[in-house]
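Below is one structure, written out as structure tokens; comments come after it.
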Amino acid sequence: QLMPCRPLSSFWSAPANMASAAMAQRIALVALIVVVLAAPTASTAAAPSVMLESVTLPLSDYNELFRQARLQEHERNLDSRKQDLRRDYEKQVARLEEDRKAWKEGLAQRSNRAHVLRENWCLTNHTAVGVYHMSTERTEEQSAASFDFAMDLHIFEDAWTAIPIVDSQTILASNIVVTRKAVSAPENAPVWELAHLGADTLVVLKEREQAPDIRDYVLLTNRSGAYRVEFRLFTRVPTTRNLHTLSLNLLHPITATTLRLQHSTGVARGNSIKELSVDPAAFHEVAEGPNCTDISFRLPSTKVVEIKWRTSPQGKTGAAGRTASAKTDIAGAEVEPDPEPEQPPQATVTHHSLHSVAEGLLHSESSFKYVLDMQQSLSNIEIVVLGGARVTSVTAFGLRSWRTVPVTNVTIPGDGETAARRNGTAVQVAFRSSVISKEVILVVTTELEFDASAGHVELPQLVCQSVLRQTGSIAVVKDASVEVYEHEARGAMRVGVAEVPAQIRGRTDRPIVVAYKFLSPRHSVSLSVLQHQEIQTLETVVDTALYQVLVTEAQRMHVFSMVLQNSQRQYMAVRDIPATATLWSLRVNSLSTAPVRGTDGTLMVPLLVGTGGGSNEGGLAIKTSVELAWMSSHAGLGENGTMALSPPRLDVPVSALSLELQFPDLYAVNFTGTLSRVSTFSHRQPQAVNYQTDKHVVEQDYDFSSAPRGPKHGDKCSVKASIPRQGRRFRFEQILVVGDRAILSVKYAANRTTDGERSPW
């Protein structure tokens, strides 16, 4: 009979004696061996019970068998755990690789997007629809228009993004509603679902980065996708004399909007909008409805919009619906009342004029600043120019057209009946009706020819018609060799230059010699003009010149280089170059060019070659370089003789002249002339200049140091002659050379002496 097997620990913890413990261990071990041996037999035998044999073994062997069994079980569990961990590790590595790949793709997209968009969002659509009730019963504080705004946004990545919506100083008529495009909605038919404000989407007040004292309503979210933000705001519409002004100051640009002018039943209809102005200039369409006027605007991308419109004055209707000022005919039928006459604009003018006196010509530039008593459209202006001045131009903002008309028997405001009548020219200026402003600035230029021998000239007088007041200032500059003094002034007060407005002083780069101020158009100023004869000064002067000569047995090579300052001269004469000489090259400003011969056979060098646009600056002397090389022949040197080595004569003065001579070593030499012999030059030598620049389109961050330095295509090949080194070298210099005052000659003799013998020189 089998005995039940207990854990080994129970045997260790039993309080029995050693004999009973050993017996129990043997019995348990025998039972375990019998179970192991009987297991396969029991599974195959048909008998219900089988006699098992017992096995006896030491306790240490049993413990070792038990330990190995437990160890194998732990190893199997550890291998299973390792396999599970390996599978988890491979899954995490694959997941990290996918995340790394997605991060790289997102980084590349973010980098590419950063070249176009700086932020993590973009505005895809921005619309505004406004309504304004034209009620005469509303006070100015209650007069306001409401606008419904809708902003479509797209957020690219799941990152916290701040999007400013509207200025906190704006009066909001409703809450800001944020909706998000549903994920399952198709692109062509989006479905917007309400975005619940919470942990991932917020609308808060946030300080503006550029102006910390200003706060904006800001949308904060960390979820990507398409969003729509909707809100309604109020904007004040001040009204003055039927002129309504509406302004929008937004945080994001807008390109289109609509405005409905809702007419109240208490206002008599029959007159549409008289004037309409939009800033910035925009295309607009007006559609009249039964009880409203719809205006649609197409704007350039702008954040600030100002709309002004003017309506004709209307009467109010009573309780029965009849107009308070309505009239009835004989039959008792109601007829439309006569519209109230509209008052013309009242304007004051500030007139500043700048007069430039030249030889026999007076050029005047007058600016007129019309200040109206209210903002409105100034349809036309008329200015009368008294005298024989000729109007050359008229400029103004919103100018439609202008013309001049001769007028006779003109009177100045304030003239009496006995005042003399004058003739002149009326300048009639018409403006566009869409320009509604309180200030209009107009600039009129005139010119007047006068007899310089008369010794005086009267400044033209410009009178603005139909204005309340005209005041201003007069400034005079001279633009020629003349002296200007006051001859006679009536109605104008002499003032200092500091009292002339800054915008007038900034229009000229010449000093103001006479200035006046006047308080009415009834003034006249006559100037004394003393003309002087101008004395011409040098147009060209050579700063530095170097004349190099190489003398051989029967030939001489010459190179004449110089740097000069030239303002307007076209050619420079170079004399003493024989007609039989062979010209090697001529380079002006590093460009190869060809010399010409004058009528007397003198060699002429062009100076306006390759000077660029700088030569067109009036009165500016351009630095020009000239390099002339030629070859000439002479009789053989022989045993001795004399040779003239004077440099070629120029028809311009030379500040510093240097001469370098190379003479054969065979000869002993003795020099005479005006040039001083030196060991080294004390003046700077001429260097070639070049004004030629290329025009190419290059990519960003282009390395200009790697640009090719070869000649440009289309330029003529230039030969730059250089003198070889041979013989002894001598140096001479002279300053302030004019005409033929630079003289040098040499006496030479063959040096036949042996070493130690003295030369005859």
Side-chain angles (χ1 to χ4, degrees), residues 542 544-562 572-587 592-605 626-652 654 657-679 681 685-686 719-734 737-753 759-761:
V542 178
T544 177
L546 174 62
Y547 178 51
Q548 297 173 286
V549 186
L550 171 62
V551 179
T552 61
E553 180 63 25
Q555 289 181 325
R556 277 183 285 181
M557 182 178 179
H558 313 258
V559 175
F560 200 6
S561 306
M562 67 191 77
M572 178 182 64
V574 182
R575 297 182 175 88
D576 300 335
I577 296 180
T580 57
T582 302
L583 296 178
W584 280 23
S585 67
L586 172 61
R587 292 164 59 89
S592 179
T593 185
V596 297
R597 290 284 181 182
T599 56
D600 57 351
T602 305
L603 188 69
M604 307 293 291
V605 176
V626 177
E627 302 168 86
L628 178 63
W630 71 95
M631 179 75 74
S632 63
S633 302
H634 59 263
L637 295 178
E639 291 293 327
N640 53 55
T642 303
M643 179 180 295
L645 298 173
S646 300
R649 293 178 297 159
L650 305 177
D651 60 348
V652 295
V654 181
L657 172 65
S658 303
L659 189 149
E660 184 180 74
L661 170 66
Q662 297 184 68
F663 209 81
D665 294 334
L666 178 62
Y667 298 94
V669 294
N670 185 22
F671 299 98
T672 59
T674 60
L675 279 79
S676 302
R677 184 174 176 179
V678 295
S679 58
F681 293 129
Q685 300 306 303
V719 177
K720 183 176 181 180
S722 59
I723 294 183
R725 296 298 181 184
Q726 183 179 359
R728 298 173 60 190
R729 184 169 58 180
F730 305 92
R731 292 177 176 175
F732 306 86
E733 63 182 16
Q734 182 179 343
V737 178
V738 180
D740 56 355
R741 295 184 180 179
I743 301 173
L744 180 66
S745 62
V746 59
K747 291 183 180 181
Y748 60 90
N751 190 0
R752 304 299 184 183
T753 58
S759 169
W761 301 113

Next item on the list: On the 0 to 90° scale, with breaks at 30° and 60°, tag the Tyr547-Phe560 ring pair as parallel, tilted or perpendicular.
Entry: perpendicular

Notebook entry, point to check: Can you tell me how far CE of Met562 sits from CD of Glu627, rounded to the nearest 0.5 angstrom?
Noted result: 10.0 Å

Notebook entry, point to check: Which pair of non-hydrogen atoms, one from Ile577 and one from Arg597, has the smallest distance, and what is that distance?
Noted result: O-NH1, 4.2 Å

Next item on the list: Would you give the length of the straight line joining atom CG of Asp651 to atom CZ of Arg575, rounded to the nearest 0.5 angstrom?
Entry: 5.5 Å

Notebook entry, point to check: Do Arg741 and Thr674 come close enough that some side-chain heavy atom pair is under 4.5 Å?
Noted result: no

Notebook entry, point to check: Distance-only, no hydrogens or angles: does the Gln734 side chain make a donor-acceptor pair with backbone N or O of Leu657 under 3.5 Å?
Noted result: no

Next item on the list: Taking all heavy atoms of Trp630 and all of Pro648, pick out the closest pair and write down the distance.
Entry: CH2-CG, 3.6 Å

Margin query: Could you report the tightest heavy-atom contact between Glu553 and His634, atom names first, then the distance?
Written below: O-NE2, 3.3 Å

Notebook entry, point to check: Between the side chain of Ser646 and the main-chain N/O of Leu744, is any donor-acceptor distance below 3.5 Å?
Noted result: yes

Notebook entry, point to check: Are any of the side-chain heavy atoms of Val574 and Thr602 separated by less than 4.5 Å?
Noted result: no

Checklist line | Closest non-hydrogen atom pair, Asn640 against Ala749 | finding: CB-CA, 3.7 Å

Item checked: Smallest separation among heavy atoms of Leu546 and Gln685, with atom names -> CD1-OE1, 3.5 Å

Notebook entry, point to check: Does NZ or CZ of Arg677 come closer than 6.0 Å to the centre of the six-membered ring of Phe730, within 45° of the ring's axis?
Noted result: no

Next item on the list: Please list, chain by chain and in numerical order, all residues satisfying salt bridge (Lys or Arg N to Asp or Glu O under 4.0 Å) with Arg649, sequence neighbours excluded.
Entry: Asp576

Next item on the list: Mind checking the CG-CG spacing from Leu675 to Leu661? Nearest 0.5 Å is all I need.
Entry: 11.0 Å

Checklist line | Atom pair OG1/CZ of Thr544 and Phe681 - distance to nearest 0.5 Å | finding: 9.5 Å

Note to self: When you compare the side chain of Val626 with that of Leu586, does any pair of heavy atoms fall below 4.5 Å?
What the structure shows: yes

Item checked: Reported OG-to-CE distance for the pair Ser722 and Met557, which is rounded to 0.5 angstrom -> 6.5 Å

Next item on the list: Quick one: closest heavy-atom pair of Ser561 and Pro686, and the distance?
Entry: O-CG, 3.7 Å

Checklist line | Heavy-atom side-chain contact between Pro647 and Leu659 under 4.5 Å | finding: yes

Next item on the list: May I ask you to test the Thr672-Lys747 pair for a side-chain heavy-atom distance under 4.5 Å?
Entry: no

Item checked: Distance, nearest 0.5 Å, that separates CG of Leu637 from CG of Leu666 -> 9.0 Å

Notebook entry, point to check: How would you list, by chain and number, every residue that makes a side-chain hydrogen bond (donor to acceptor under 3.5 Å, both in side chains) with Glu660, sequence neighbours excluded?
Noted result: Gln548, Arg725

